[in-house]
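What you see is a predicted model, and the numbers here were worked out from it, not measured in a lab. Side-chain atoms are counted along with the backbone in the values below, which use heavy atoms only and exclude waters and symmetry mates.
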Amino acid sequence: MTRHGRNSTAGAVYTYHEKQRDSKTSGWGSLKTRFSKDAIKEFDCCSLTLQPCKDPVVTTEGHLYEREAILEYILHQKQTFAKKIKAYKKQLKKDKEEAEESNEKSERLKVSQFIGLETSIATKRENPFKSTDDSGSTKKKKDNDSLQSIKNTSETEKMKLPSFWIPTLTPQAKETRLEKPDSTVYCPMSGKVLKMKDLISVKFTLAPHTDSKSLITKHERYICPVTKDVLSNKVPCAVLRPSGHVVTIECIEKFVKKDWVCPITGNKLHPSDIIEIKRGGTGFAGVSGSELEGKLYGASLMCG
């Protein structure tokens with residue numbers, strides 16, 4: 001039996017291990033990896049800053065934001081729209097000026113063509129000793145010659161092609177046309193219309209702690225005010241719109257949906273008042289329905 005080294009190249013099969021190893025070193029093919037727990041956003045973190053919220057607000061779709069961050073985002077979008085609409089109005093003004101200039105140029109061209117046609121027709125007194133037919137034919141011939149010369153000149157100008165080495169014939173690039181900007185502000189996560197009046201303040205119930213650690217370094221930061229369960233990415237939770245309190249979905253199923261009364265304030269609730277918070281999932285399973293696998297597309301290696 002023949003002896004083989006550790007990196008044997010005598011095999012007739014290109015194994016999966018060899019394919020993955022060569023893809024990492026050469027850059028060919030696509031690479032897949034699963035997100036770890038550290039790469040997934042926590043349920044109480046802002047979707048923009050990815051940091052725990054100090055003054056959280058939630059949209060009607062359930063995306064959590066820091067109030068300062070989302071207001072700054074809305075202000076930035078409005079400033080961007082103001083710049084775009086200013087550039088769009090400037091383009092409209094320029095188009096109007098170019099149209100007026102084109103009309104004036106066409107009018108001047110018509111006048112110059114008319115004057116050139118009139119001056120090209122030679123007018124002189126007819127010889128009374130020549131016959132009428134000869135004089136008429138001579139005049140008609142001169143008129144035809146002048147018209148033919150004008151026609152040939154215009155056709156010659158049309159036959160000029162753009163040239164890259166003659167400055168007068170170099171083709172000019174047209175400016176990119178601007179579309180009318182949209183003044184609507186959209187949510188950076190869901191892509192739906194976002195208004196300041198639709199932002200709902202969120203109230204988290206702090207978990208009881210005996211140590212003196214900061215809130216950011218703690219793993220168990222908030223609890224449900226009704227069931228006292230610790231809130232995390234593993235536990236589905238929702239915001240009650242009228243009060244802003246965060247409770248678990250289990251609490252809503254067991255207590256709220258029986259009589260549609262808020263278990264904290266005692267106010268009447270509607271099904272639209274329950275907003276489920278979007279979570280990032282965990283590192284083991286996509287319990288929140290999020291995509292937990294990343295893929296990097298690389299160049300394909302064609303084997304012939």
Side-chain angles (χ1 to χ4, degrees), residues 46-50 55 57-124 139-201 272 278 297:
C46 174
S47 299
L48 291 176
T49 62
L50 304 180
D55 186 10
V57 292
V58 68
T59 62
T60 54
E61 289 80 25
H63 296 285
L64 198 71
Y65 296 102
E66 178 72 33
R67 185 184 298 274
E68 182 181 356
I70 193 62
L71 293 182
E72 185 178 354
Y73 169 80
I74 294 175
L75 179 61
H76 175 71
Q77 294 297 318
K78 291 184 178 295
Q79 291 176 348
T80 304
F81 167 74
K83 293 180 181 178
K84 289 183 178 179
I85 196 66
K86 185 177 180 180
Y88 180 72
K89 290 182 178 179
K90 185 178 180 180
Q91 176 182 269
L92 293 180
K93 183 179 179 181
K94 184 178 180 181
D95 292 343
K96 185 178 180 181
E97 293 176 354
E98 289 180 353
E100 293 177 354
E101 184 179 355
S102 178
N103 293 335
E104 293 178 0
K105 186 176 180 181
S106 61
E107 291 295 332
R108 290 196 301 267
L109 182 61
K110 290 179 181 179
V111 173
S112 62
Q113 288 179 352
F114 177 77
I115 294 174
L117 182 61
E118 289 295 324
T119 54
S120 63
I121 300 175
T123 57
K124 66 178 183 178
K139 182 178 180 181
K140 187 176 180 180
K141 185 178 180 181
K142 291 181 178 180
D143 294 343
N144 292 336
D145 294 341
S146 60
L147 292 174
Q148 187 66 25
S149 62
I150 295 173
K151 184 178 180 181
N152 293 338
T153 305
S154 61
E155 290 181 355
T156 305
E157 292 177 354
K158 290 181 181 179
M159 291 177 62
K160 289 182 179 179
L161 299 176
S163 174
F164 290 95
W165 50 87
I166 302 177
T168 57
L169 300 180
T170 303
Q172 300 295 327
K174 296 182 179 180
E175 295 182 359
T176 304
R177 301 290 302 174
L178 299 177
E179 299 293 337
K180 187 175 181 179
D182 188 5
S183 60
T184 308
V185 179
Y186 297 95
C187 177
M189 298 300 297
S190 64
K192 296 184 178 180
V193 179
L194 179 63
K195 297 181 180 179
M196 294 179 61
K197 63 179 182 180
D198 296 335
L199 299 176
I200 304 164
S201 299
S272 61
K278 302 294 182 182
Y297 294 95

Close side-chain approach of Leu109 to Lys105, heavy-atom, < 4.5 Å: no
Interatomic distance, Ile70 atom CD1 to Cys46 atom SG [nearest 0.5 angstrom]: 7.0 Å
Donor-acceptor pair, side chain of Ser201 and main chain of Val57, under 3.5 angstrom: no
Side chain proximity check, Arg177 to Asp95, heavy atoms < 4.5 angstrom: yes
Minimum heavy-atom distance Pro181-Phe81, with the two atoms named: O-CE1, 3.8 Å
Heavy-atom closest contact (Tyr186 atom, Tyr73 atom, distance): O-OH, 3.0 Å
Salt-bridge present (Asp198, Lys192; N to O < 4.0 Å): no
Separation between CD of Glu107 and OG of Ser112, rounded to the nearest 0.5 Å: 11.0 Å
For Thr49, all residues meeting side chain to side chain donor-acceptor pair (under 3.5 Å), sequence neighbours excluded: none
Glu179 atom CD: more than 12 heavy-atom contacts under 6.0 Å: no
Inter-residue atom distance Leu75.CG - Gln79.CD, 0.5 Å rounding: 4.0 Å
Atom pair CD1 (Ile85) and OG1 (Thr80), whose distance is rounded to the nearest 0.5 Å: 13.0 Å
Partner of Leu199 under side-chain contact (heavy atoms from CB on, under 4.5 Å), chosen from Val58, Thr60, Leu194: Leu194
Residues that Ser106 engages under side chain to side chain donor-acceptor pair (under 3.5 Å), provided they are two or more places apart: none
Nearest non-hydrogen partners of Glu66 and Asp55, listed with the distance: OE2-N, 3.1 Å
Interatomic distance, His63 atom NE2 to Cys187 atom SG [nearest 0.5 angstrom]: 5.5 Å
Student check: side-chain heavy atoms of Tyr65 and Met189 closer than 4.5 Å: yes
Nearest heavy-atom neighbours spanning Ala69 and Leu48: O-CD1, 3.9 Å
CZ-CD distance between Arg67 and Glu72, expressed to the nearest 0.5 angstrom: 14.5 Å
Over all atoms of both residues, closest heavy-atom pair of Thr176 and Gln91: O-OE1, 4.0 Å
Heavy-atom donor-acceptor pair, Ser102 side chain to Glu98 backbone, under 3.5 Å: no
Glu101, CD atom: more than 12 neighbouring heavy atoms under 6.0 Å: no
Check against side-chain contact (heavy atoms from CB on, under 4.5 Å), Val185 and Lys195: CA-CA 7 Å; Val185 179; Lys195 297 181 180 179; over 6 Å; no
